[in-house]
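Data first, discussion second: the structure below is written as structure tokens.
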Amino acid sequence: MKHKALLLLILLAAGLLLVACGGESLECTDEIGCVEIAPDEPIKLASSLVISGPNTDLGTDSQWGVELALDFREEVLGHSLELQAEDDGCSAEGGQTSATKIVSDPQIVAMIGTSCSGAGVPAAKIISDAGYAMVSPSNTAPSLTDPEQAWQPGYYRTAHNDEIQGRAMAEFAINELGLTKAAAIHDGDPYTEGLASVFASAFEEFGGEIVAFEAEAADATNVEPLLTTIAAGGPEFIYFPVFNPLGPLLTNTAKTIPGLEGVVLAGADGLISPTFLENTVGTSDGMFVSGPNLAFEGGFFNDEFLPAYIEKYGTEPISAFHAHAFDATNMVFDAIEEVAQQSSDGTLLIGRQALRDALSATSGMEGITGSITCDENGDCADPNITVSEIQNNDYVIVWP
């Protein structure tokens with residue numbers, strides 16, 4: 001009896017110690033695992049965005065949007081916030097490498113990225129297989145949210161689907177410019193080929209004729225043969241939704257090709273950057289570029305986000321997806337707040353499937369970019385496409 005009494009006293013003392021220290025245990029029952037965050041540890045996110053090379057403007061602009069989301073939020077459930085930044089390289093290889101590195105750290109809760117759809121395809125597979133979640137601010141390829149193509153569980157995006165953008169540019173060319181013969185150029189990347197394909201299909205649906213649909217290497221150095229072949233078809237409009245450096249090369253060379261005099265040139269959001277403008281001075285004026293509407297409604301963007309962006313980075317936004325990245329990051333934080341278990345000492349237990357379920361259930365979230373609601377395949381954007389004309393080396397919205 002004395003031994004039993006002593007054992008009971010020991011167990012009671014241990015229990016009181018646990019309560020005093022706030023150390024009651026949390027049990028992970030999530031089907032694909034949990035992230036446990038100790039009381040003094042930060043909540044850790046990763047980003048995989050293009051932050052080097054010719055398309056640095058695109059990824060850096062989004063990276064800064066993510067960083068500002070952390071600055072504004074400061075903490076979640078009493079924990080500080082930490083970001084591990086990786087480079088997607090705007091390539092399949094970069095997406096694979098960065099995602100592999102991210103899933104090697106079990107403390108990373110989710111990833112914001114990728115910038116480029118070509119990086120997003122392999123990254124989504126790796127992230128999904130490891131049980132993580134990712135929210136892209138700028139992947140727009142239709143394939144990434146198509147279960148018959150590249151969609152993976154745990155994949156989401158706050159960027160529009162190019163099924164919408166490609167159709168919008170076709171409508172603009174036909175109905176606003178009155179043009180009926182077009183050519184399209186892509187570089188084989190899921191983003192560029194997907195967007196060019198949607199444009200071509202919609203252009204024909206609206207009554208136009210596609211006289212050429214061509215591919216060119218992203219790192220091409222001579223596009224004269226390609227453009228000469230296209231000129232033979234007599235296009236009035238050439239849409240090339242590609243990246244740097246191919247975009248500037250096509251723009252500059254088109255001005256020198258017989259038969260393309262007066263042809264209207266057009267690109268997409270991959271060419272919304274200072275780098276593109278700097279490399280096409282005197283050749284891109286009058287060109288049209290499709291992309292997300294950046295004339296955001298509501299006071300927060302102009303009164304708080306934009307001044308903070310300018311103060312921290314010394315410039316106005318340099319590309320198109322800073323606000324989408326801000327919204328993507330807050331979407332993850334909101335989901336963490338919804339599903340995390342928390343002990344009295346502040347320890348967090350975040351179920352990975354629970355986090356995915358919360359992201360999938362996102363509905364009516366008021367972000368900078370609009371009201372964010374996710375469908376069953378991860379399309380969460382409130383899409384609003386505009387067309388800008390390059391005037392005096394600047395982007396000016398002209399439609400709608």
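The shown structure was predicted, so the numbers you read here are calculated from the model rather than taken from an experiment.
Of the residues Asn55, Val50, Thr275, the one that meets the side chain to side chain contact (heavy atoms under 4.5 Å, CB included) test with Phe243 is Asn55. Of the candidates Phe333, Phe300, Phe296, Phe300 is the only one forming a ring pair (Phe, Tyr, Trp, His ring centres under 6.0 Å) with Phe326. When each of Asp379, Ile385, Asn384, Val198 is checked for a side chain to side chain contact (heavy atoms under 4.5 Å, CB included) with Ile164, only Ile385 meets the rule.
Contact of the Phe276 side chain with the Asp57 side chain is not registered, since no non-hydrogen atoms from C-beta on lie closer than 4.5 Å. Counting heavy atoms from C-beta outward, Ile37 and Thr347 have side chains that stay 4.5 Å or more apart.
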Item to check | Evaluation steps, salt bridge (charged side-chain N to carboxylate O under 4.0 Å, His left out), between Arg73 and Asp334 | outcome: CA-CA 10 Å; Arg73 200 76 173 228; Asp334 287 353; 2.7 Å; yes
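Side-chain atoms of Gln84 and Glu86 form a donor-acceptor pair, as typed in the model, at a separation below 3.5 Å. With hydrogens and angles left out, the side-chain atoms of Ser360 and Tyr156 include a donor and acceptor closer than 3.5 Å. A donor and an acceptor atom, one from each side chain of Thr140 and Asn161, are nowhere located under 3.5 Å apart. Using modelled atom types and a 3.5 Å distance limit, the side chains of Gln165 and Asp269 yield a donor-acceptor pair. With 3.5 Å as the limit, one finds no donor-acceptor pair spanning the side chains of Asp382 and Ser371. Between the side chains of Thr369 and Asp327, at least one donor-acceptor pair of N or O atoms lies under 3.5 Å. Side-chain atoms of Tyr155 and Asn377 form no donor-acceptor pair, as typed in the model, at a separation below 3.5 Å.
In this structure, Phe301 and Phe305 have parallel ring planes: the angle between them is below the 30° cut-off, well short of the 60° mark. The aromatic rings of Phe199 and Tyr239 sit tilted, their planes meeting at an angle between 30° and 60°.
Under the side chain to side chain donor-acceptor pair (under 3.5 Å) criterion, the residue pairs touching residues 200-218 are Arg167-Glu205, with sequence neighbours excluded.
Around the CD atom of Gln391, the shell of radius 6.0 Å holds more than 12 heavy atoms that belong to other residues, nucleotides or ligands. Counting non-hydrogen atoms of neighbouring residues, nucleotides and ligands closer than 6.0 angstrom, the CD atom of Glu27 reaches no more than 12 such neighbours.
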